[in-house]
J.: 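One structure, pasted below without further comment.
We count ligands from 1, going down the list as the structure has it; atoms in each ligand are counted the same way.
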Amino acid sequence: MTDKTELDRDTLLPLFGTGWKMADGKDALDKTFLFKDFKQAFAFMTQVAEDAEALNHHPEWSNVYRTVKVRLTTHDAGGLTGLDVDLARRMDKAAGY
Ligand SMILES: C[C@H](O)[C@H](O)[C@H]1CNC2=NC(N)=NC(=O)C2=N1
């Protein structure tokens, strides 16, 4: 599921349910994760770093204390692909959704 054309509403709907939003003219998925404290936020980032390496697909993200802001897009494709959906799911799992 790496073709941009395969991303339909049914694929994205479960992610909207966990707080992901379309951004950047629908070329990206954004979500803000809020954790109990910095330690939990950083543990999440450490787990997701492993997932990103496994997928060879990497988030744009920033961390301030217990907040992690994420943007997912596929630079190679110039928009959203199945890789972004896969990484979003892994992030939700790592955050305990
Ligand atoms: C060469 C390598 O496959 C590419 O640079 C990968 C790595 N990680 C990536 N991550 C994201 N988010 N988009 C990409 O296009 C991308 N490309």
J.: In the protein, what heavy atom is nearest to atom 3 (O) of ligand 1, and what distance, to one decimal place, separates them?
T.: N56 ND2, 2.9 Å
J.: For the pair Y97 and F33, name the ring-plane relationship: parallel under 30°, tilted 30 to 60°, perpendicular over 60°.
T.: perpendicular
J.: Can an N or O of D84 be found at a distance shorter than 3.5 Å from an N or O of ligand 1?
T.: no
J.: I'd like to know if D92 pairs up with K31 as an ion pair, taking the criterion as any Lys NZ or Arg NE/NH1/NH2 lying under 4.0 Å from an Asp or Glu carboxylate oxygen.
T.: yes
J.: Side-chain donor-acceptor pair under 3.5 Å between T73 and D27, yes or no?
T.: no
J.: Using a strict 4.0 Å cut-off to heavy atoms of T74, name the atoms of ligand 1 that fall inside it.
T.: 13 (N), 15 (O)
J.: With the threshold set strictly below 4.0 angstrom, can you tell me whether any protein non-hydrogen atom sits that near atom 11 (C) of ligand 1?
T.: yes
J.: Looking only at protein heavy atoms, identify the closest one to atom 8 (N) of ligand 1 and say how far it is in Å.
T.: H58 ND1, 2.9 Å
J.: Checking a contact table here: which protein heavy atom is nearest atom 15 (O) of ligand 1, and how many Å away?
T.: D76 N, 2.8 Å
J.: At the 4.0 Å heavy-atom cut-off, does L87 count as touching ligand 1?
T.: no
J.: Do we see a donor-acceptor contact under 3.5 Å between the side chains of H57 and D86?
T.: no
J.: Only one of L29, V70, L72 clears side chain to side chain contact (heavy atoms under 4.5 Å, CB included) with L87; which?
T.: L72
J.: Distance from R89 atom CZ to D51 atom CG, nearest 0.5 Å?
T.: 13.5 Å
J.: Would you mind telling me if ligand 1 is within reach of the side chain of T73, the backbone, both or neither, using heavy atoms under 4.0 Å?
T.: backbone
